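What follows is a structure written as structure tokens; I'll ask about it next.
Proteins get letters first, then strands, A, B, ... in listed order; numbering begins at 1 in each. Just so you know, these numbers use all the heavy atoms, side chains as well, and skip hydrogens, waters and symmetry mates. This structure is a prediction, so every number in the text was calculated from the model and none was measured.
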Amino acid sequence: MPSRYNFLETETKWQSVWAERGSFRTEADPKRPKYYVLEMFPYPSGRIHMGHVRNYTMGDVVARYKRARGFNVLHPMGWDAFGLPAENAARDQKIHPARWTYDNIAAMRAELKRMGLSLDWKRELATCHPGYYKYQQQLFLDFFKAGLAYRGEAFVNWDPVDHTVLANEQVIDGRGWRSGAPVEKKKLSQWFLKITAYADELLEALKGLDRWPEKVRLMQENWIGKSTGAYVRFKLKDRADRLTIFTTRPDTLFGASFMAVSPDHPLAEEAARSDPRAAAFIAECRAAGTSEAAIEAQEKKGYRTALEALHPFIKDKRLPVYIANFVLMEYGTGAIFGCPAHDQRDLDFARKYGLDVTPVVLPPDADPGSFAIAELAYTEDGAIYNSGFMNGLGVEAAKMAAGARLKEQGDGEPTTIFRLRDWLVSRQRYWGCPIPIIHCEKCGPQPVPAKDLPVKLPDDVTFDQPGNPLDRHPTWKHVDCPNCGAKARRETDTFDTFVDSSWYFARFCSPRADVPVERDKVDYWLPVDQYIGGVEHAILHLLYSRFFTRAMKLTHHAKLDEPFAGLFTQGMVLHESYKDRAGQWLYPEEVEKRPDGGAVHVKTGQAVEVGRKEVMSKSKKNVVPPARIIETYGADTARWFVLSDSPPERDMEWTDAGVEGAWRFTQRLWRLAEGWIEAFPALKEELGAAPRDLSADAVALRRAAHKTVAAVTEDIEKFRFNSGVAKIYALANTLSDVKPEALADAGGLWVRKEALDILAQLIGPMLPHLAEEIWLSLGHNRLLVETAWPEADPTLTIDDVVTVAVQVNGKLRATISLPRDCDRAAAEAAALAEPAVQRALEGRNPKKVILVPNRIVNVVV
RNA sequence: GCCCGCUUGGUGGAAUUGGUAGACACACAGGACUUAAAAUCCUGAGGCUCGAAAGAGCCGUGCCGGUUCGAGUCCGGCAGCGGGCACCA
């Protein structure tokens with residue numbers, strides 16, 4: 001009798017065999033083709049969650065598959081280990097951030113190891129380790145010397161709860177991404193990385209990322225936000241200086257009726273100094289909220305200053321200059337010209353303040369004498385009129401003409417601007433990589449000399465009061481200037497943690513090197529061939545990494561532009577949520593489902609309200625800890641379940657029934673394999689060449705097995721794991737249905753053995769422990785992880801008899817079996833001979849017959 | 001407001017990219033085994049109508065229309081759900 005598959009014993013056995021043999025250790029080898037599989041490394045929050053299980057299982061399938069295909073596979077793991085939660089833990093639990101982080105790493109590493117991932121643990125790294133951040137500091141100093149890092153004073157987003165500055169990307173709806181507190185504007189001196197220097201390149205190169213999801217490329221495109229238009233430098237009446245604006249519609253300049261500047265614009269501030277009402281207006285604008293709702297509700301308002309701008313094309317035409325609450329200092333030049341006829345917001349503004357509305361673009365069918373703008377601005381294409389030298393041109397031609405004329409006059413020029421801002425990387429936090437700079441009153445910001453790197457975090461810090469512990473430290477920041485030796489001050493800001501994750505994929509290539517990256521290693525391994533992670537990183541992390549790679553190229557640390565050749569964004573793991581009568585969230589294990597669809601509390605028996613399927617989150621308690629699933633069912637079951645059913649890019653629902661289904665299948669596979677091997681000991685012999693004269697049943701089984709090889713191979717290549725899983729189920733069903741007496745001769749046994757070998761190989765990437773155990777039982781001397789992927793025999797994946805659908809007027813009436821590629825006459829005859837076809841014809845003669853070889857015969861009457 | 005994506009049985013989802021819709025799984029129902037339960041095995045099933053049954057017919061991929069011998073797949077319009085960006089000049 002087959003024994004019950006003991007996953008606990010088997011899984012730990014194979015994990016230690018693989019570890020002892022170093023099965024997943026990798027070295028660069030220029031003679032072999034490489035494949036770099038990487039999943040986004042985790043933040044060590046304490047325990048792994050189901051999202052990790054899904055993410056790392058997918059990556060592991062790819063890694064194991066590629067290894068079997070003969071690639072030299074790099075598949076590393078590390079920890080995105082700096083960040084605010086460690087400081088919160090320090091404050092709340094009185095535990096040092098380093099201790100908290102390393103404890104979490106230890107716990108999570110143990111959990112990952114229980115998943116049986118084919119990782120090269122020798123390359124493990126943690127961004128909070130000086131052995132990592134030393135080289136990040138080096139990189140930063142190289143960037144600094146190359147002019148890619150600078151200190152700038154700017155209005156910054158200040159999070160009053162976390163006491164730190166935030167990047168634009170970290171402000172969502174006017175609130176801090178972590179704290180949720182409304183962000184305040186503060187003018188501070190901060191470190192920036194010059195990502196805008198690459199704005200155009202980062203945009204253009206998206207086109208070449210053909211193995212990235214279209215959606216992510218689009219999101220990055222929008223984020224970079226390229227606009228083509230022109231700068232126009234308006235002269236100001238009775239003044240020497242000019243007011244520069246940006247516009248995308250220089251073709252409508254003749255329709256200008258006002259100018260508007262941001263409340264933060266220098267001209268506005270200047271006006272405020274002499275005009276108390278202007279000052280009051282600006283104060284009012286700054287007091288207004290920046291949340292989406294506040295902006296929505298806010299009225300478009302302006303304050304008319306005493307300034308007047310002179311039109312570049314119309315002699316003596318003066319345009320009033322307003323301070324307007326809807327003009328942003330952060331975009332363009334913080335100033336605009338208003339053309340009410342062709343911009344809805346300008347029109348509303350003009351109506352409100354009684355300004356001229358002069359149409360200059362004539363809609364195709366409109367009459368130039370009578371066309372007028374009422375409530376709606378005209379924003380479509382048309383013929384330019386009322387516009388001097390541009391009259392008669394189309395919109396696009398007029399844009400060019402206006403740009404050229406502006407340049408000629410010295411009043412502006414065509415230009416391109418971007419929404420993307422430089423990356424603010426300073427954070428006023430302790431648990432991050434120190435910025436290796438020393439501030440000297442005489443010499444300015446000085447790089448820390450290479451010999452003094454790393455700038456290590458001090459251990460003796462306290463978290464009992466808000467603000468940056470580094471700044472409060474009694475001695476740490478007091479150093480001498482490396483240039484002049486005078487008393488100087490160490491930079492106490494640390495890097496945004498997104499800096500840490502912007503180059504870790506490169507460090508994995510030579511994780512212990514005493515330079516940031518070893519060129520030969522990086523040149524061999526990069527780019528990452530397949531990167532896998534959540535879509536929530538579609539903009540920030542991926543854009544920063546693309547920038548970093550270019551910056552590393554500029555500073556001679558690498559030679560490539562794009563770090564990730566292939567990107568896959570996986571869906572999230574959802575679970576039902578539960579609430580008791582009092583409205584308190586309940587954990588899934590506190591709830592018992594009833595056959596009638598209802599649910600009750602396990603202890604009290606009270607009815608429980610079953611809520612929506614939502615992303616697993618601690619606050620809603622709808623979490624299932626992976627550790628418990630792995631203890632109860634084993635790693636293979638957990639892996640199989642997250643690969644089944646849902647396409648990997650889509651959200652999946654975690655259900656107990658689904659897990660049990662996966663568990664039953666692993667047991668069934670084991671019984672199937674062991675049962676056959678016990679009944680037919682000959683299956684333990686190595687396969688020789690395929691015998692001739694196989695029975696029909698044997699050939700049918702071979703065909704099924706080889707078709708499955710071809711299909712599953714394609715499914716893995718195309719990231720259709722759920723489809724691959726379904727085809728493996730189908731093959732297992734086919735094997736279960738085989739009658740023992742039909743395949744008991746020598747040829748039959750040979751085919752059985754081949755089919756079992758194939759089954760074990762196909763489940764190898766997904767159920768690695770079970771597969772290895774079955775493989776061993778099949779008598780192989782070599783480990784499955786060291787065995788090549790099976791090849792589908794092309795002569796077996798094509799049937800010589802095909803089932804063809806017979807339609808009458810496109811409606812299915814019968815199916816017939818025909819020899820593959822049989823001639824037209826035979827197919828037609830066979831189709832017309834079908835009684836069901838004759839019935840449907842009702843005696844009519846076919847007008848024509850459409851034949852799709854090996855697929856369809858459609859009789860048209 | 002702008003830009004994307006999705007919508008198929010009770011459920012998750014398949015469908016060779018214009019060619020037999022519902023593979024595979026979950027859940028369900030019936031049966032076998034069992035003192036019983038669990039486990040396992042077998043069988044069934046999109047809906048409706050007719051039929052004792054075998055079977056036959058009609059309808060069916062969010063809704064309306066189109067192209068085609070043939071549409072889940074392509075085109076136009078609409079609705080619903082989800083995502084991204086947004087006072088962007």
Is it true that A:K226 and A:D200 make a salt bridge, defined as a side-chain N closer than 4.0 Å to a carboxylate O?
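Salt bridge: yes.
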Counting the atoms with a prime plus P, OP1 and OP2 as sugar-phosphate, which does A:V860 contact under 4.0 Å by heavy atoms, base, sugar-phosphate, or nothing?
sugar-phosphate
Suppose you measure atom C1' in B:C28 against the same atom in B:U11; what distance do you get, rounded to whole Å?
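Comparing C1' positions in B:C28 and B:U11 gives a spacing of 11 Å.
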Within this structure, what is the CG-to-C1' distance between A:L253 and B:A89, rounded to whole angstrom?
12 Å
Applying a 4.0 Å non-hydrogen cut-off, can you work out what A:G661 is touching in the nucleic acid: base, sugar-phosphate, or nothing?
sugar-phosphate
Between B:A89 atom P and A:F246 atom CZ, what is the distance in whole Å?
8 Å
Would you say that A:I224 contacts A:L543 through its side chain, given a criterion of any heavy-atom pair below 4.5 Å between the two side chains?
yes
Among B:U20, B:A89, B:C42, which nucleotide sits nearest the side chain of A:I856?
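Shortest atom-to-atom distance from the side chain points to B:U20.
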When all nucleic acid strands are considered with a 4.0 Å heavy-atom cut-off, which category describes A:V535: base, sugar-phosphate, or nothing?
nothing
B:A23 and B:U43, which share atom name P, separated by this distance in whole Å
15 Å
Is the shortest side-chain heavy-atom distance between A:W663 and A:W640 below 4.5 Å?
no
Taking any heavy-atom pair under 4.0 Å as a contact, classify A:L218: base, sugar-phosphate, or nothing.
sugar-phosphate
The side chain of A:F326 lies closest to which of these nucleotides: B:C42, B:A86, B:C87?
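From the listed options, B:C87 comes nearest.
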Measure CD/A:E660 against P/B:C26 and give the value in whole Å, please.
11 Å
Same-atom distance (C1') from B:C6 to B:G19, integer angstrom
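Looking at atom C1' only, B:C6 and B:G19 are 25 Å apart.
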Beyond-backbone contact of A:L643 with A:F641, side-chain heavy atoms, under 4.5 angstrom:
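When only atoms from C-beta onward are counted, A:F641 and A:L643 do not touch, as no gap falls below 4.5 Å.
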Please confirm whether any donor atom in the side chain of A:R855 sits under 3.5 Å from an acceptor in the base of B:U20, or the reverse.
no
Looking only at atom P, what distance separates B:A38 and B:G30, rounded to whole Å?
13 Å
Distance, nearest 0.5 Å, that separates CD1 of A:I629 from OG1 of A:T637:
9.5 Å
Any A:R304 side-chain heavy atom under 4.5 Å of A:V321 side chain
no
Closest to the A:R668 side chain: B:C41, B:G13, B:A23?
B:C41
Check: B:G19 base within 3.5 Å donor-acceptor of A:Q807 side chain:
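For A:Q807, whose side chain was compared with the base of B:G19, there is a donor-acceptor pair (under 3.5 Å).
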Using the C1' atoms only, state how far B:A15 lies from B:A71, rounded to an integer number of Å.
13 Å
Are A:E221 and A:R217 close enough for a salt bridge, meaning some N to O gap below 4.0 Å?
no
Measure from the side chain of A:I539, starting at C-beta and using heavy atoms only, and say which of B:A25, B:C85, B:G19 lies closest.
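Looking only at side-chain atoms, A:I539 lies closest to B:C85.
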Under 4.0 Å between any heavy atoms, over every strand shown, what does A:T655 touch: base, sugar-phosphate, or nothing? Just pick one.
nothing
Which comes earlier along RNA chain B counting from the 5' end, the contact point of A:G334 or that of A:P647, where each point is its nearest nucleotide?
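On the 5' side of the pair lies A:P647.
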Considering only the P atoms, how many Å lie between B:G47 and B:A29, rounded to the nearest integer?
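Taking atom P in both B:G47 and B:A29, they lie 16 Å apart.
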Which of the following nucleotides, B:C85, B:C69, B:U40, is nearest to the side chain of A:R671?
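Nearest to the side-chain atoms of A:R671, counting from C-beta on, is B:U40.
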B:C88 OP1/OP2 closer than 4.0 Å to side-chain N/O of A:N222
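So the side-chain polar atoms of A:N222 never come under 4.0 Å of the phosphate oxygens OP1 or OP2 of B:C88.
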For A:T815, which contact category applies under a 4.0 Å heavy-atom criterion: base, sugar-phosphate, or nothing?
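Base contact.
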Just to be sure I understand the rule, does A:R813 reach a base, reach only the sugar-phosphate, or reach nothing, if contact means heavy atoms closer than 4.0 Å?
sugar-phosphate
Would A:R844 and A:E842 count as a salt bridge (Lys or Arg N to Asp or Glu O under 4.0 Å) here? Give the steps.
CA-CA 6 Å; A:R844 292 169 296 181; A:E842 294 166 328; 3.7 Å; yes
Does B:G80 adopt a syn or an anti glycosidic conformation, taking syn as a chi angle within 90° of 0?
anti
Is it the case that the base of B:C87 and the side chain of A:K300 share a donor-acceptor contact (distance under 3.5 Å, atom types as modelled)?
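When only heavy-atom distances are counted, A:K300 does reach the base of B:C87 through a donor-acceptor pair under 3.5 Å.
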Picking from B:A25, B:C85, B:A21, the nucleotide nearest the side-chain atoms of A:W223 would be B:C85
Using a 4.0 Å heavy-atom cut-off, does A:K811 contact any base of the nucleic acid, only the sugar-phosphate backbone, or nothing at all?
sugar-phosphate
If you only use heavy atoms from C-beta on, which nucleotide in B:C3, B:C87, B:U40 is closest to the side chain of A:R664?
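Nearest to the side-chain atoms of A:R664, counting from C-beta on, is B:U40.
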Could you please name the option among B:G13, B:C85, B:A25 that lies closest to any side-chain atom of A:R419?
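The answer is B:C85.
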Ignoring hydrogens and angles, does a donor from either the side chain of A:N858 or the base of B:C69 sit under 3.5 Å from an acceptor on the other?
yes
Given the P atoms of B:C87 and B:C74, what is the spacing between them in whole Å?
35 Å
Can you tell me if the side-chain N/O atoms of A:N325 get under 4.0 Å from OP1 or OP2 in B:C87?
no
Is B:U17 in the syn or the anti form, by the rule that syn lies within 90° of 0?
syn
On RNA chain B, compare the nucleotides closest to A:D343 and A:D645; which residue's is nearer the 5' end?
A:D645
Nearest-angstrom distance, P atom, B:G46 to B:U40:
24 Å
Mind checking A:Y331 for me? I need base, sugar-phosphate or nothing, with any heavy atom below 4.0 Å counting as a touch.
base
Given B:C69, B:G12, B:U20, the nucleotide with the shortest approach to the side chain of A:S646
B:G12
